[in-house]
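Since the structure comes first, as structure tokens, the remarks are kept for the end.
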Amino acid sequence: MKLAPLSAWPFFLVPVVVLLDQWSKWLVLQEPRFNALGCLDRMEPCGRIPLPGPLDFTMLWNRGMSYGLFQSEGIGRWILAAIMATIAIGFLVWLIRAEGRWLRLALALVIGGAFGNLIDRVRFGAVIDFIDANGLYFPWVFNIADAAISVGAVLLFIDQFLLSRPKQATSS
């Protein structure tokens with residue numbers, strides 16, 4: 001399948017999401033107040049940077065999937081990584097075949113986020129989470145990849161269940 005330049009934009013969005021996610025995590029790793037690598041083995045506490053307003057930066061190592069689901073270590077880390085990679089590749093195949101800008105945007109965000117978190121899982125055995133929205137009554141700490149996956153999932157729901165509804169025939 002040959003992609004026209006105007007329809008190739010989702011394939012550029014995927015690496016943009018990955019790069020933004022990895023850049024933000026690199027900044028977290030560089031910040032001594034987070035003690036990110038020191039707390040990876042759970043022997044030392046991770047750090048926190050309070051911010052004015054409802055958001056803080058709180059370093060956490062997430063050994064599960066998005067928002068801490070399905071925590072795993074050891075061989076489970078690699079099984080989870082394989083599952084995540086398989087799902088991301090499945091979504092990539094869907095993206096190649098997808099039509100409609102909202103669907104393509106949703107899939108690109110989910111794929112970029114999945115690969116951003118997969119890189120961490122392979123490198124560290126856990127994903128770097130640091131955005132703490134507890135002041136907004138959101139109990140999870142997350143990262144840019146998680147946010148991209150979440151926004152992409154909402155857009156995917158909207159596209160599949162609201163925008164793609166068959167037009168009801170009007171009766172005369």
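It should be emphasised that the depicted structure is a prediction, and the values quoted were computed from it without experimental measurement. All values below come from the heavy atoms of this structure, side chains included, with hydrogens, waters and symmetry mates left out.
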For Asn134, check side chain to side chain donor-acceptor pair (under 3.5 Å) against everything at least two apart and list the hits. none
How far does CZ of Arg97 sit from CG of Leu103, to the nearest 0.5 angstrom? 13.0 Å
Using side chain to side chain contact (heavy atoms under 4.5 Å, CB included), reason through Asp146 and Asn143 one step at a time and then give a plain yes or no. CA-CA 5 Å; Asp146 292 335; Asn143 59 46; 3.4 Å; yes
Shortest non-hydrogen pair, Val17 vs Gly113, comes out as CG1-N, 3.6 Å
Search all heavy atoms of Ala36 against all heavy atoms of Leu29 and return the closest pair with its distance. CB-CD2, 3.7 Å
Can you name the nearest heavy-atom pair linking Pro10 to Ala108, along with the distance? O-CB, 3.6 Å
Hey, what do you get for CD1 (Ile128) to CZ (Arg123), rounding to the nearest 0.5 Å? 7.0 Å
Between Leu19 and Ile119, is there shared hydrophobic-cluster membership here, with clusters defined by ILVMFWY side-chain heavy atoms closer than 4.5 Å? no
Interatomic distance, CD1@Ile87 vs CG@Leu92, rounded to 0.5 Å, equals 13.5 Å
Side chain to side chain contact (heavy atoms under 4.5 Å, CB included) evaluation trace for Trp23 with Ile144: CA-CA 10 Å; Trp23 175 70; Ile144 290 174; over 6 Å; no
Return yes when atom CD of Gln30 has more than 12 non-hydrogen atoms of other residues, nucleotides or ligands closer than 6.0 Å, and no otherwise. yes
Working to the nearest 0.5 angstrom, can you tell me the gap between Leu60 CG and Phe130 CZ? 11.5 Å
So which heavy atom on Gly116 is nearest to which on Gln22, and how close? O-NE2, 2.9 Å
Qualifying salt bridge (charged side-chain N to carboxylate O under 4.0 Å, His left out) pairs with a residue from residues 82-93, counting only residues at least two apart or across chains: none
Would a hydrophobic clustering, with Ile, Leu, Val, Met, Phe, Trp and Tyr connected at side-chain separations under 4.5 Å, put Leu105 with Leu162? yes
Parallel, tilted or perpendicular, as decided by the 30° and 60° cut-offs, for the rings of Phe157 and Phe161: tilted
Should Leu20 and Trp26 be regarded as members of a common hydrophobic cluster, given that ILVMFWY residues are connected when their side-chain heavy atoms come within less than 4.5 Å of each other, either directly or indirectly? no
Residues which pass ring pair (Phe, Tyr, Trp, His ring centres under 6.0 Å) with Phe91, listed by chain and number, not counting sequence neighbours: Trp94
Please name all residues satisfying side chain to side chain donor-acceptor pair (under 3.5 Å) with Arg33, sequence neighbours left out, ordered by chain then number. Glu31
Closer than 3.5 angstrom, by distance alone: can the side chain of Trp61 be matched with the main-chain N or O of Leu37 as a donor-acceptor pair? no
Value rounded to 0.5 Å, distance of CD in Gln160 from CD1 in Ile158: 11.5 Å
Nearest 0.5 Å, what's the CG-CG distance between Leu40 and Asn35? 10.5 Å
Quick check: is Phe115 connected to Ile83 through a chain of hydrophobic side chains (ILVMFWY, heavy atoms under 4.5 Å apart)? yes
What donor-acceptor contacts under 3.5 angstrom involve side-chain atoms of residues 49-56, with partners at least two apart or in another chain?
unit_1 : atom_1 : unit_2 : atom_2 : d
Asp56  : OD1    : Leu51  : N      : 2.8
Asp56  : OD2    : Arg48  : NH2    : 2.4

Output every pair passing salt bridge (charged side-chain N to carboxylate O under 4.0 Å, His left out) with a member in residues 13-25, not counting sequence neighbours, ordered by first then second residue. Asp21-Lys25, Lys25-Asp120
Quick one: does any side-chain atom of Asp159 pair with a main-chain N or O of Trp102 as donor and acceptor, under 3.5 Å? no
Any side-chain heavy atom of Asn117 sitting closer than 4.5 Å to one from Ile149? yes
Single-linkage hydrophobic cluster, 4.5 Å side-chain cutoff, Val154 and Leu109 together: yes
Before giving the answer on side chain to side chain contact (heavy atoms under 4.5 Å, CB included), spell out for Phe11 and Arg104 the whole-Å C-alpha distance, their side-chain angles and the decisive distance to 0.1 Å. CA-CA 9 Å; Phe11 298 95; Arg104 297 176 86 207; 3.8 Å; yes
